[in-house]
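Structure first, commentary second.
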Amino acid sequence: MNNFARFTLNTVTKSTRQLKQLTLPLIGVGLLSIPLAGHAEEIAPTTLRLAHVVNTEDTYHIAAERFQQLVSEHTDGAVTVEIYPNASLGDERTLLEGMQIGTVDMGVITNGPVANFVDEFSVFELPFLFPSSEAAYAVLDGEIGQEILGKLQDVNLKGLAYAERGFRNITNSQHAINVPEDLQGLRLRVIENEVYVDTFRGLGANAVPMAWTETLTALQQGTIDGQENPVNAIHAFNLAETQDYLTMTRHIYAPATFIMSLPTWNGLQAELQPIVLDAAKQASAYAREQNAIMEAEQLAELREAGMEINETPDMEAFQTAVAPVYEKYGEQFGDYLPRIQEALNQ
């Protein structure tokens, strides 16, 4: 039986007001109350360059600033974290490649591009896999998620923690979307990842894989009709200026990942490594909490800016339309998909 069939319609379509009530999972709450490890008096002056591709209103930046604050506090200012937002050091593929060779120290990176380096990360973004944020956190912070995070070392990267991009939704400039047939022919930007491409081609859209750094210009020029992203990104980038319609499909839950260059990680003092790791975990938990708190307010502001928002699309029709994605990719991830499905059913 396909994975999405196990989840009820009203579970998948939780209102954003319910999302605002979300609390952190136990692991996140625990992290917020645990002092960071390490001995600040032994830390030599160090500078870390942390990059991301979004603007300073986005939760990636919120996570980065929290990380910066925690590292400074727990090293008595010996470690400086310099934050480079707005793709100032390159798009996400460029950042990951820079981390591999040590020219970029670390970043907060969207899951889709990470999956181009470690295939198993794509399993998290199978459509309608997670029924709620809490369910996603349990898997990501548990045994399965940590196993996959560890695989980054095979490509000269160090996975630190899962932050959050959130549940993704569709925007466009042409007309309201309620069923998959409404996507027919729409030129829709998607992440440069084959699961995304096949998901939206299966839904009838003309899926256009494109780096985020190019997307805003393409939307403004009308070379694409729409895109799909969580509410926080839609709000942070003022997409209401070019997109008249938002459909809360919540089709994919997308983590983001705190990732460090493995050469940089290996070059850190032994006393500094646990401080960096714990700070990334705490910053990730904080970003998740902020995401949930801000979403309802962001939706209200998007409405005020003129966006027409459909919070109750025909989810059953969307779920049915993506069945071929599970048939194509299910076995690609070894035992990870059935293990995730089993964990979600417990």
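Hydrogens, waters and symmetry mates play no part in the numbers below; they use all other heavy atoms, side chains included.
Heavy-atom contacts from other residues, nucleotides or ligands closer than 6.0 Å to CD of Glu331 number 12 or fewer.
Here the side chain of Gln243 pairs a donor or acceptor atom with the backbone of Asn172 at under 3.5 angstrom. Formation of a donor-acceptor pair under 3.5 Å by the Gln174 side chain with backbone atoms of Asp225 is not found in this model. Of the possible polar contacts, none joining the Thr103 side chain to the Met99 backbone as a donor-acceptor pair under 3.5 Å is found. Looking at Thr247, its side chain does come within 3.5 Å of a backbone N or O of Ile177 through a donor-acceptor pair. In this structure, the side chain of His175 engages the main chain of Asp182 through a donor-acceptor pair within 3.5 Å. The closest donor-acceptor contact from the side chain of Thr59 to the backbone of Ile62 lies at 3.5 Å or more, if one exists at all. With hydrogens and angles disregarded, a donor-acceptor distance shorter than 3.5 Å links the side chain of Asn310 to the backbone of Thr312. In terms of modelled atom types and a separation under 3.5 Å, the side chain of Glu228 and the main chain of Val190 share no donor-acceptor contact. Between the side chain of Asp314 and the backbone N or O of Ala317, at least one donor-acceptor pair lies under 3.5 Å. Of the possible donor and acceptor atoms, none in the side chain of Asn291 sits under 3.5 Å from a partner among the backbone N and O of Ala287.
Here the closest non-hydrogen pair linking Pro255 and Glu125 is CD-OE2, 4.1 Å. Taking both residues in full, the closest heavy atoms of Ile43 and Leu272 are given as CD1-N, 3.7 Å, listed atom of the first, atom of the second, then distance. Residues Ala321 and Pro180 come closest through the heavy atom pair CB-CG, 4.1 Å. Across Met260 and Leu268, no two heavy atoms sit closer than the pair SD-CD1, 3.9 Å. What you find for Asn266 and Gln273 is that their closest heavy atoms are CA-NE2, 4.2 Å. Ala283 and Leu70 get closest at one heavy-atom pair: N-CD1, 4.1 Å.
Expressed to the nearest 0.5 Å, how far CD of Gln221 lies from CD of Glu214 amounts to 11.0 Å. Here the straight-line distance linking atom CD of Gln227 with atom OG of Ser173 works out to 11.0 Å at 0.5 Å rounding. Within the model, atoms CG of Leu183 and CG of Leu186 stand 6.0 Å from one another, a figure rounded to the nearest 0.5 Å. One finds the OG1 atom of Thr242 at 4.5 Å from the CG atom of Leu219 (value rounded to the nearest 0.5 Å). Within the model, atoms CE of Met307 and CD1 of Ile234 stand 6.0 Å from one another, a figure rounded to the nearest 0.5 Å. Distance check: Ser261 OG to Asn156 CG gives 6.5 Å after rounding to the nearest 0.5 Å.
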From CA spacing to verdict: side-chain contact (heavy atoms from CB on, under 4.5 Å), Phe121, Val118: CA-CA 6 Å; Phe121 276 82; Val118 176; 3.6 Å; yes
Step-by-step side chain to side chain donor-acceptor pair (under 3.5 Å) determination, Asn229 to Thr171: CA-CA 8 Å; Asn229 249 311; Thr171 70; over 6 Å; no
Can Leu126 and Phe333 be said to form a side-chain contact (heavy atoms from CB on, under 4.5 Å), step by step? CA-CA 11 Å; Leu126 287 169; Phe333 307 116; 4.0 Å; yes
Would you check, one step at a time, whether the test side-chain contact (heavy atoms from CB on, under 4.5 Å) holds for Phe130 with Leu344? CA-CA 8 Å; Phe130 294 116; Leu344 291 173; 3.9 Å; yes
Kindly determine whether Met315 and Phe128 satisfy side-chain contact (heavy atoms from CB on, under 4.5 Å), including the steps that lead there. CA-CA 10 Å; Met315 298 299 294; Phe128 305 106; 3.3 Å; yes
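Using a cutoff of 4.0 Å between basic side-chain nitrogens and carboxylate oxygens, Arg339 and Glu120 are not scored as salt-bridged. Using a 4.0 Å cut-off between charged nitrogen and carboxylate oxygen, Glu82 and Arg49 do not count as a salt-bridge pair. Using a cut-off of 4.0 Å between Lys/Arg side-chain N and Asp/Glu carboxylate O, Asp58 and Arg165 are scored as salt-bridged. With respect to the salt-bridge test (charged N to carboxylate O, under 4.0 angstrom), the residues Glu97 and Arg93 qualify. Between Arg201 and Glu194 no salt bridge is recorded (no basic side-chain N to carboxylate O distance below 4.0 Å).
Checked against the 6.0 Å centroid criterion, the rings of His251 and Phe200 qualify as a close aromatic pair.
The closest side-chain donor-acceptor pair between Gln69 and Glu65, if any, does not fall under 3.5 angstrom. Arg187 and Asn206 share no donor-acceptor pair across their side chains, judged by distance under 3.5 Å alone. Side-chain polar atoms of Asn111 and Thr257 form no donor-acceptor pair below 3.5 angstrom. Between the side chains of Thr264 and Asp105, at least one donor N or O lies within less than 3.5 Å of an accepting N or O. A donor-acceptor contact closer than 3.5 angstrom links the side chains of Thr110 and Tyr60.
Cluster annotation: Leu203 is not connected to Tyr245 through the hydrophobic network of ILVMFWY side chains, with a link wherever side-chain heavy atoms come within less than 4.5 Å. Transitive grouping of hydrophobic side chains (ILVMFWY, heavy atoms separated by less than 4.5 Å) keeps Met248 and Val179 in distinct clusters.
When the options Tyr336, Tyr137, Tyr162 are evaluated for a ring pair (Phe, Tyr, Trp, His ring centres under 6.0 Å) with Phe124, the one that passes is Tyr162. Checked against Leu89 for a side chain to side chain contact (heavy atoms under 4.5 Å, CB included), the options Leu50, Thr94, Val53, Leu95 give a single hit: Leu95.
At a threshold of 4.5 Å between non-hydrogen side-chain atoms, the residues Phe258 and Ser284 count as touching. Contact check for Ile83 versus Gln68: side-chain heavy atoms found under the 4.5 Å cut-off. Annotation: side chain of Thr46 is not in contact with side chain of Thr80 (no heavy-atom distance under 4.5 Å). Counting only heavy atoms from C-beta outward, the side chains of Ser72 and Val79 never approach each other to under 4.5 Å. The closest side-chain heavy-atom distance from Glu301 to His235 is below 4.5 Å. A 4.5 Å side-chain heavy-atom check between Tyr329 and Val123 finds every atom pair outside the cut-off. For the pair Tyr196 and Val325, the minimum side-chain heavy-atom distance is 4.5 Å or more. Counting only heavy atoms from C-beta outward, the side chains of Trp265 and Leu277 approach each other to under 4.5 Å.
In this pair, Tyr253 and Phe167 present their aromatic rings perpendicular. The plane angle is above 60°, beyond the 30 to 60° band.
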